[in-house]
Amino acid sequence: MLHRPRVVSASARDVGSRELQGLALDNERGFLFVACGDHVVSLDVGHDGKITDSIETGAGLDNIDYSPDLKVLYAAASVAAGLTIAEVDDKGKFRLKATMPTVKGARGVVAAKGETAYLIDPAEGRILKLTHK
């Protein structure tokens, strides 16, 4: 059965950016994470859809990913050449764990087992593996 779509954010202004780039979901707790150019916003879509928090990532944010096991968000900023790693608490608030250097242009982060993430480096045709310890 298909359900009618429900608007959870009326416009890009609601999340503070016109550059909406990617989404990740904490299905268990009902948080939707929205990549917005240079920051990520957390929306409580399991309840009222309101913004619970945001975290700066640096310019060039493209794709994000989320590890539901660790409750950790990964955000790769291609212009800033950095990977932001943030824990998400039960209220949808971010706590910065680390900012790791990558390379200019690196994007397309995927959360892997443990505290490992993979990123694409399109300029060099490589896949980067980063592990936070």
Side-chain angles (χ1 to χ4, degrees):
M1 170 186 275
L2 296 176
H3 298 280
R4 283 186 85 161
R6 180 174 69 93
V7 175
V8 295
S9 180
S11 73
R13 287 187 310 274
D14 293 343
V15 294
S17 177
R18 293 183 147 286
E19 298 179 51
L20 305 180
Q21 301 296 328
L23 300 170
L25 180 66
D26 180 334
N27 197 43
E28 183 179 316
R29 298 185 299 170
F31 299 121
L32 179 67
F33 309 111
V34 183
C36 302
D38 65 355
H39 65 284
V40 177
V41 172
S42 175
L43 298 170
D44 186 357
V45 296
H47 297 94
D48 56 14
K50 291 187 179 171
I51 294 172
T52 59
D53 205 3
S54 69
I55 189 166
E56 295 295 319
T57 60
L61 183 59
D62 186 16
N63 189 34
I64 57 178
D65 201 9
Y66 179 74
S67 169
D69 295 335
L70 299 175
K71 296 178 174 64
V72 171
L73 179 83
Y74 296 87
S78 62
V79 175
L83 177 66
T84 299
I85 304 169
E87 287 180 330
V88 182
D89 71 16
D90 289 339
K91 294 183 181 187
K93 302 282 186 191
F94 296 115
R95 186 185 72 77
L96 183 65
K97 284 186 74 163
T99 303
M100 298 178 71
T102 61
V103 295
K104 285 263 192 218
R107 60 183 65 208
V109 65
V110 174
K113 195 173 197 176
E115 293 196 41
T116 299
Y118 293 93
L119 292 90
I120 304 166
D121 175 7
E124 297 294 325
R126 304 180 295 177
I127 296 173
L128 307 175
K129 178 181 178 182
L130 293 153
T131 302
H132 178 254
K133 296 185 182 205

Restricting to side chain to side chain donor-acceptor pair (under 3.5 Å), what partner residues turn up for D121, sequence neighbours left out?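 Partners of D121 by the side chain to side chain donor-acceptor pair (under 3.5 Å) criterion, ordered by chain and then number, come out as R126.
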Please evaluate residues V34 and L23 with respect to the criterion side chain to side chain contact (heavy atoms under 4.5 Å, CB included), reporting the C-alpha separation (whole Å), side-chain torsions for both, the decisive distance (0.1 Å), and the verdict. CA-CA 5 Å; V34 183; L23 300 170; 3.8 Å; yes
Qualifying side-chain hydrogen bond (donor to acceptor under 3.5 Å, both in side chains) pairs with a residue from residues 71-84, counting only residues at least two apart or across chains: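 Only S78-R107 qualify under side-chain hydrogen bond (donor to acceptor under 3.5 Å, both in side chains).
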Salt bridge (charged side-chain N to carboxylate O under 4.0 Å, His left out) against R29, all qualifying residues, sequence neighbours excluded: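 R29 satisfies salt bridge (charged side-chain N to carboxylate O under 4.0 Å, His left out) with D26, D90 once adjacent residues are dropped.
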Can E115 and V72 be said to form a side chain to side chain contact (heavy atoms under 4.5 Å, CB included), step by step? CA-CA 9 Å; E115 293 196 41; V72 171; 5.9 Å; no
Between [atom1] on residue [X] and [atom2] on residue [Y], distance to nearest 0.5 Å:
{"X": "F94", "Y": "F33", "atom1": "CZ", "atom2": "CZ", "value": "5.5 Å"}
{"X": "L25", "Y": "I64", "atom1": "CG", "atom2": "CD1", "value": "10.0 Å"}
{"X": "L43", "Y": "T52", "atom1": "CG", "atom2": "OG1", "value": "7.0 Å"}
{"X": "T116", "Y": "K129", "atom1": "OG1", "atom2": "NZ", "value": "5.5 Å"}
{"X": "Y66", "Y": "N27", "atom1": "OH", "atom2": "CG", "value": "10.5 Å"}
{"X": "N63", "Y": "I120", "atom1": "CG", "atom2": "CD1", "value": "8.0 Å"}

Least distance between heavy atoms, [X] atom then [Y] atom:
{"X": "A24", "Y": "L73", "value": "CB-CD1, 4.5 Å"}
{"X": "L128", "Y": "A106", "value": "CD1-CB, 4.1 Å"}
{"X": "G58", "Y": "A77", "value": "O-CB, 3.6 Å"}
{"X": "D62", "Y": "A35", "value": "O-CB, 3.7 Å"}

Does [X] share a hydrophobic cluster with [Y], counting links as ILVMFWY side-chain heavy atoms below 4.5 Å and allowing steps through other members?
{"X": "L61", "Y": "L83", "answer": "no"}
{"X": "V45", "Y": "I51", "answer": "yes"}
{"X": "L96", "Y": "I85", "answer": "no"}
{"X": "M100", "Y": "V79", "answer": "no"}

Verify side chain to side chain contact (heavy atoms under 4.5 Å, CB included) between V109 and L119, making sure each step is shown before the conclusion. CA-CA 4 Å; V109 65; L119 292 90; 4.2 Å; yes
Is there a donor-acceptor contact under 3.5 Å from the side chain of D89 to the main chain of K93?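 Here the side-chain-to-backbone pair exists.
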Please check this pair: side chain of K97 against backbone of A86, looking for a donor-acceptor N/O pair closer than 3.5 Å.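 Checking the backbone N and O of A86 against the side chain of K97, no donor-acceptor pair under 3.5 Å is found.
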For the CD1 atom on I127, are there more than 12 heavy atoms of other groups (residues, nucleotides or ligands in this structure) within a distance under 6.0 Å?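 Incorrect, the count does not exceed 12.
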Check the pair V41, H39 against side chain to side chain contact (heavy atoms under 4.5 Å, CB included), reporting the backbone distance first and the verdict last. CA-CA 7 Å; V41 172; H39 65 284; 3.6 Å; yes
